[in-house]
Amino acid sequence: MAKRTIVSMPGDGIGRVVLEEAIRVLSSAGFDAEYIEGDIGWEFWRSEGNPLPQRTIDLIQKHKVALFGAITSKPKEEASQELDPKLRDTGLVYASPIVGLRQHFNLDICIRPCHTYTGNPLNFVRRGTGNEIEEPAVDVAIFRQNTEGLYGGVEWSNPPDQVYDALMTHPKFKTNFGATPREEVSVSTRIFTRKATERILFAAFEYARKYEYKSVTLCEKPNVIRETSGMMYRLAKEIQKKDFPEIQLWNTNIDAQMMWLTKNPEDYGVIVAGNMFGDIVSDGFAGLIGGLGFACSAQFNDEGVGVFEPTHGSAPKYADYPESIVNPIAMIESACMMLDFIDENEISDKIRKAVAKTISEGKVQTYDMKKMKGSVDALKNGAASTHQIADAIIGNL
Ligand code: NAI
Ligand code: MG
């Protein structure tokens, strides 16, 4: 019997391709597991009116650990039109299964590491003081609060009476927005709770300690967003002082951070932020290390449920190529994060070394690494296919 059971959720488009390749790499590296496929994505929205069927939730509940490719999602109207005719006009409204997963399992900790691979042609470069080209090595891990804040879903357009009346009790609302007709007002809230904020901060500091980073940078905007960012900064200072005195706490504003990350990215270690700012800053850093083909992520709760997925989506324009051209490394790296999560560090080390070797050799590169435009001709023009680069990684294990 296999040692572990992993729920595999390929989802849509290239999610299906990259997950298959990642599982091939896992098996070749000696990870002994059985994979049970979980249904998720567009196909299930269309046929069942639910992109995240209960049976998938049950599977994750039972087996705890899931690999996830990517899904397709479309705007509300289009989603309704693509429903199976017998489900149309039944009041079904499309909701993202990713957000659904996060909320159902309270996957409140999201980690997005971004580190430079030596020899990756997509690495960020800058001009040094003597105008020479420098390639700073980036090694950051972004901790993003994954369930609250601006993505918490508490929002209204033309807010109902009770909400509107409550808002009108706030002097700033009254002065700045009180004269606007209510039906012209849209409100998205940014709610932070102390418990969830402490959890993401602790997770960030613990990671910094475990992997010997010298600093944790809180990337928010406490000088302007005084209540939520302000609380996070206050708690960060308390936690650092009490429990992690050997680690420095840095405090940057999200806007300035987006500028600095192209000036001195090598100076940052662990970065921690709320939901939206964490999303933004992690995409910013991902751009420095090769973009979507390299951006991996982990999300987990405090009960051992973890979902591991690349940051990229289903890239529908590449989904139906006879031979896939997309880069599977983000998915493979996400699988390595899964291995770390279940204490299979020897295997994850082995895979990461093989990925690093493949990249530094520079012989087998997908179209993005070749800086080509993605097209069916990419393979003819010398780019490796998804399968070929996975083969090269397996060869280097
Ligand atoms: P996307 O991430 O699917 O693709 C954007 C572009 O990035 C692609 O056209 C391609 O040029 C490049 N790219 C993405 N993954 C790549 C890879 N592994 N290797 C090489 N190049 C890669 O984002 P897009 O086009 O905005 O969205 C497509 C669909 O995916 C939409 O339905 C969207 O809602 C969904 N989506 C799903 C996500 C998820 O499942 N986590 C995240 C983002 C988007
Ligand atoms: Mg994003």
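Just the heavy atoms: all of them, side chains too, but no hydrogens, waters or symmetry mates, feed the values below. In listed order, ligands and their atoms are each counted from 1.
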**Study point:** Closest heavy-atom pair and its distance - V216, A208
**Key:** CG2-CB, 3.7 Å
Practice item. With sequence neighbours excluded, tell me which residues meet side-chain hydrogen bond (donor to acceptor under 3.5 Å, both in side chains) with K172. Key: none
List, for ligand 1, each N/O atom that has a protein N/O partner under 3.5 Å away, with both atom names and the distance.
| residue | atom | partner | partner atom | Å |
| --- | --- | --- | --- | --- |
| ligand 1 | 2 (O) | G313 | N | 2.7 |
| ligand 1 | 3 (O) | G313 | N | 3.4 |
| ligand 1 | 3 (O) | S314 | N | 3.2 |
| ligand 1 | 3 (O) | A315 | N | 2.7 |
| ligand 1 | 9 (O) | K317 | NZ | 3.3 |
| ligand 1 | 11 (O) | Y367 | OH | 3.4 |
| ligand 1 | 18 (N) | H312 | NE2 | 3.4 |
| ligand 1 | 18 (N) | N327 | O | 2.9 |
| ligand 1 | 19 (N) | N327 | N | 2.9 |
| ligand 1 | 21 (N) | Y367 | OH | 2.9 |
| ligand 1 | 30 (O) | I71 | O | 3.4 |
| ligand 1 | 30 (O) | S314 | N | 3.1 |
| ligand 1 | 30 (O) | S314 | OG | 3.3 |
| ligand 1 | 32 (O) | S73 | N | 2.9 |
| ligand 1 | 32 (O) | S73 | O | 2.9 |
| ligand 1 | 34 (O) | S73 | N | 3.4 |
| ligand 1 | 34 (O) | S73 | O | 3.4 |
| ligand 1 | 34 (O) | S73 | OG | 2.9 |
| ligand 1 | 40 (O) | I71 | N | 2.9 |
| ligand 1 | 41 (N) | E309 | OE1 | 3.4 |

Exercise for review: Using the side chain to side chain donor-acceptor pair (under 3.5 Å) rule, collect all pairs that involve residues 25-45, keeping only residues at least two apart or in two chains.
Suggested key: R16-E37, D39-R55, W42-E82
Review point. Taking only residues at least two apart or on different chains, which pairs with a member in residues 215-238 satisfy ring-ring contact (aromatic ring centres under 6.0 Å, His included)?
Key: none
Practice item. Kindly confirm or rule out a cation-pi arrangement of R190 over F277, judged by NZ or CZ under 6.0 Å from the six-membered ring centre and within 45° of its axis? Key: yes
Practice item. Find out whether W260 and D267 are in side-chain contact, i.e. whether some heavy atom of one side chain is under 4.5 Å from a heavy atom of the other. Key: no
